[in-house]
Amino acid sequence: KAGVTQTPRYLIKTRGQQVTLSCSPISGHRSVSWYQQTPGQGLQFLFEYFSETQRNKGNFPGRFSGRQFSNSRSEMNVSTLELGDSALYLCASSFYSRNMDSGANVLTFGAGSRLTVL
Amino acid sequence: AQSVTQLGSHVSVSEGALVLLRCNYSSSVPPYLFWYVQYPNQGLQLLLKYTSAATLVKGINGFEAEFKKSETSFHLTKPSAHMSDAAEYFCAVSGYNQGGKLIFGQGTELSVKP
C-alpha cells in the first residue's frame with residue numbers, strides 16, 4: 001500500500017512569489033491535514049480537508065489556503081511568500097470511520113515538502 | 001484549550017539504558033494522546049496512541065506509554081535503548097471530533113551513545 005506522497009520534496013522561492021504543494025493520500029483515506037514545521041514554532045496545524053470541504057482550520061493568515069479534489073488529493077497554496085514561511089510542510093491522511101470518533105484517528109504523514117524562501 | 005508540554009528538548013542515553021521521554025497534557029475533556037517519531041528528512045511515524053482503553057499502551061519498536069490522569073501525563077518509555085532509536089519524538093493531543101487537528105509538543109531529540 002503506497003504511503004502519503006508529497007511533491008515537490010524541495011523547492012526554493014523568493015519573497016512575494018506564491019507556491020503550490022501537492023499531497024496524494026493513502027488510497028481509501030478521505031481526510032487530509034496539513035502542518036507547518038519550523039525550528040522555532042514546531043509543528044502547527046494549518047487545515048484539514050474531508051470530502052472536498054475544509055473541516056478544521058488553524059491560526060494562519062489568509063495567505064495560506066488549500067483545497068481537496070474528488071479523488072482526495074489535496075493542494076495547499078501560499079501566496080505572497082515571506083521569509084518566515086520557510087518550513088517543512090507536512091501532509092497527513094487518515095481513514096474516516098463512522099464507528100469511531102475522528103479525534104482518535106491515526107494520521108499517516110508524508111515525508112514533507114521543504115520550502116526555502118529567499 | 002488543549003496543550004502539550006514535553007520536558008527536555010534533548011535527552012541523551014547510553015545504548016542499553018532506559019529511555020524516558022516526558023509529556024504532560026492539558027485538556028478539559030478526556031483526550032486522545034499520541035507519540036510520533038521523526039527521523040531526519042522524513043515525516044512523522046506513529047509509535048502508539050491512547051484512546052481511553054487500557055492506560056498502559058504498547059507501541060512499535062518496544063516503546064510503551066502510560067496514561068496517568070491524576071498527573072495529566074503520558075510519558076514514553078523503552079527499557080533498553082538502541083542506536084536506531086536516535087530521532088526526534090513528539091507527543092500530541094487531540095479531542096472529540098477534532099479529526100486531523102493534533103496539538104503537538106515541541107519535541108524531544110533523543111541521542112543514543114554507544
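First the proteins, then the strands, lettered A, B, ... as listed; each starts at 1.
- At a heavy-atom separation below 4.5 angstrom, chain A is approached by no residue within residues 5-13 of chain B.
- At least one donor-acceptor pair under 3.5 Å links the side chain of A:Ser86 to the backbone N or O of A:Leu83.
- Residue A:Tyr10 touches chain B through its side chain alone, counting heavy-atom pairs closer than 4.5 Å.
- Contact check on A:Asp85 versus A:Lys13 returns no salt bridge, with no Lys/Arg side-chain nitrogen under 4.0 Å from an Asp/Glu carboxylate oxygen.
- Both the backbone and the side chain of A:Leu43 have a heavy atom closer than 4.5 Å to some heavy atom of chain B.
- B:Phe63 and B:Val93 fall within a single hydrophobic cluster, where Ile, Leu, Val, Met, Phe, Trp and Tyr are joined by side-chain heavy atoms under 4.5 Å apart, directly or via other members.
- In terms of heavy-atom pairs under 4.5 angstrom with chain A, the leader among B:Leu33, B:Ile103, B:Leu102 is B:Leu102.
- Donor-acceptor pairing under 3.5 Å is recorded for the side chains of A:Thr14 and A:Gln17.
- Neither the backbone nor the side chain of A:Leu46 comes within less than 4.5 Å of any heavy atom in chain B.
- Contact between A:Cys91 and A:Val32 at its shortest, heavy atoms only, is SG-CG1, 3.5 Å.
- Counted by atom type alone, B:Arg22 and B:Ser73 present zero donor-acceptor pairs between their side chains at under 3.5 Å.
- By the 30° and 60° cut-offs, the orientation of the rings of A:Phe109 relative to B:Phe104 is perpendicular.
- With a 4.5 Å cut-off on non-hydrogen atoms, A:Tyr49 does not touch chain B at all.
- Residues of residues 36-50 of chain B lying within less than 4.5 angstrom of chain A, judged on heavy atoms, are B:Tyr36, B:Gln38, B:Asn41, B:Gln42, B:Gly43, B:Leu44, B:Leu46, B:Lys49 in numerical order.
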### Message
Does B:Phe74 form a ring-ring contact (aromatic ring centres under 6.0 Å, His included) with B:Tyr32? I'd like the steps, not just the answer.
### Response
CA-CA 10 Å; B:Phe74 191 56; B:Tyr32 301 115; over 10 Å; no
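- No donor-acceptor contact under 3.5 angstrom links the side chains of A:Arg30 and A:Ser72, judged on distance only.
- In this structure a side-chain-to-backbone donor-acceptor pair under 3.5 Å is present from A:Gln68 to A:Ser51.
- A donor-acceptor pair under 3.5 Å is formed between the side chain of A:Asn77 and the backbone N or O of A:Val19.
- Heavy atoms of A:Gln37 lying under 4.5 Å from chain B belong exclusively to its side chain.
- Atom CD of residue A:Glu48 and atom OG of residue A:Ser31 lie 3.5 Å apart, to the nearest 0.5 angstrom.
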